[in-house]
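Here's the structure, in structure tokens; my notes come after.
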Amino acid sequence: MNRRVLAALGSAVLALSMAACSGDGAGSGGNDSDQPGDLTIGVSMPTQTSERWIADGNSVKEKLEAKGYQVDLQYAGDDIPTQSQQVDQMITRGADVLIIAAIDGTALSGQLQAAADADIPVIAYDRLIRDSPNVDFYVSFDNYKVGVAQATALLVGLGVQTKDGAKGEAKGPFNIELFAGSLDDNNAHFFFDGAMDTLKPFIDDGTLKVTSGQTSIEQVAILRWQQEAAQKRMEDLLTSSYNSGTKVDGVLSPYDGLSRGIITALQNAGYKGADFPVVTGQDAEIASVKLIDDGVQSSTIFKDTRLLAEQAVIAAEAFLTDKAPQANDTETYNNGVKVVPSYLLPVQTVYKDDIKPVLIDSGYFTAEEVAAGQAG
Ligand code: GAL
């Protein structure tokens, strides 16, 4: 039985012995008398500038409301103090469980301590919250495998490897550039590690050449995953490393928003048609799915936010009924203080041919949305 369940049981016993049954304070979730309608789940999401987080927020809210729970959903505009404040408010308004996708994975220790003090279980949503003992569960995807899948998609796009993992016809050498996500996001490191472990043998044997020489995560990271910053870095790379007729053949991008910035920089520099570099991505954002359909972006990694939301809801319900949510990984995600029990979902690489079977046939997007590059 984990610490939080014990704490929750402890507080239930205390509440009974005091016969103090008036009102539901913060963290009162789990009392047998509570109906879903009496329970509030605080859902803190990082930003609405990215379509994926809107989809995540909506999915979590809809699924919780369908079960009768109250939902306090907030977006923080990618601003760390705003997210801290919103989480503080959720706690003072009496949330019974918190589901948090952190902007900066290290910035919420104070809020999480307050949550722990009020016996409110905390579920880290897709992004691990670091440096705090008060993270009770983590729902995400296999983030190392995301990085492996992105690098593999780059190799496949270049023809160095085939989709079934066999050696491809193409020999290179190919000029590539690398991008990583925000250094304060734990996932960025997992993605980059998975990608570099996969690419390194090809860099070492000369099949791939990182023309700029920028290969450390610190050199290639993009703060807050910003599209404009990725565009600017790609423009700078084109000016500094591709000014003597050398062409870019491929770009490792860990997220569709960055990919769109990179693509804009490449298009502005005159890249087009069959010579357009292979650009990877992640999240199957609708604007990027259209770019893949149009043959501009090469691939994305699909993480089904419906399934992630479902796991978050399952974990929240477990806490609300004083059970420990079921983990399928209890080793990988050490947040600097402890290993956080996790439920990790699988991911899927999407090339142009996969849009219909994977994204449209599963109802994630309609064919019209893909054609328009816009959801809804
Ligand atoms: C990461 C997440 C990615 C992507 C990125 C930018 O934490 O795992 O899927 O969404 O943030 O939002």
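Order of listing sets the numbers, starting from 1, for every ligand and every atom in it. Bear in mind that the values here come from a model prediction, so they are computed numbers and not experimental data.
- Residues meeting the ring pair (Phe, Tyr, Trp, His ring centres under 6.0 Å) test with Phe137, sequence neighbours left out: none.
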Donor-acceptor pairs under 3.5 angstrom involving side-chain atoms of residues 143-155: please list them, not counting sequence neighbours.
residue, atom, partner, partner atom, Å
Asn143, ND2, Tyr138, OH, 3.4
Asn143, ND2, Ser140, OG, 3.0
Asn143, ND2, Phe141, O, 3.2
Asn143, ND2, Asn187, OD1, 3.2
Asn143, ND2, Tyr333, OH, 3.1
Tyr144, OH, Asp197, OD2, 2.6
Gln150, NE2, Pro254, O, 3.0
Gln150, NE2, Gly281, O, 3.2
Thr152, OG1, Val148, O, 2.7

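- Side-chain atoms of Thr162 and Lys167, non-hydrogen and from C-beta on, never get closer than 4.5 Å to each other.
- Protein residues having a heavy atom under 4.0 Å from any atom of ligand 1 are Arg52, Trp53, Asp126, Arg127, Asp185, Asn187, Phe191, Trp225, Tyr255, Gln282, Asp283, Lys303, listed by chain and number.
- By the side-chain contact (heavy atoms from CB on, under 4.5 Å) test, Glu62 pairs with Asn58, sequence neighbours left out.
- Using modelled atom types, one finds no donor on one side chain facing an acceptor on the other under 3.5 Å when comparing Thr300 with Tyr351.
- Side chains of Asp185 and Ser182: a donor-acceptor N/O pair is absent below 3.5 angstrom, by distance only.
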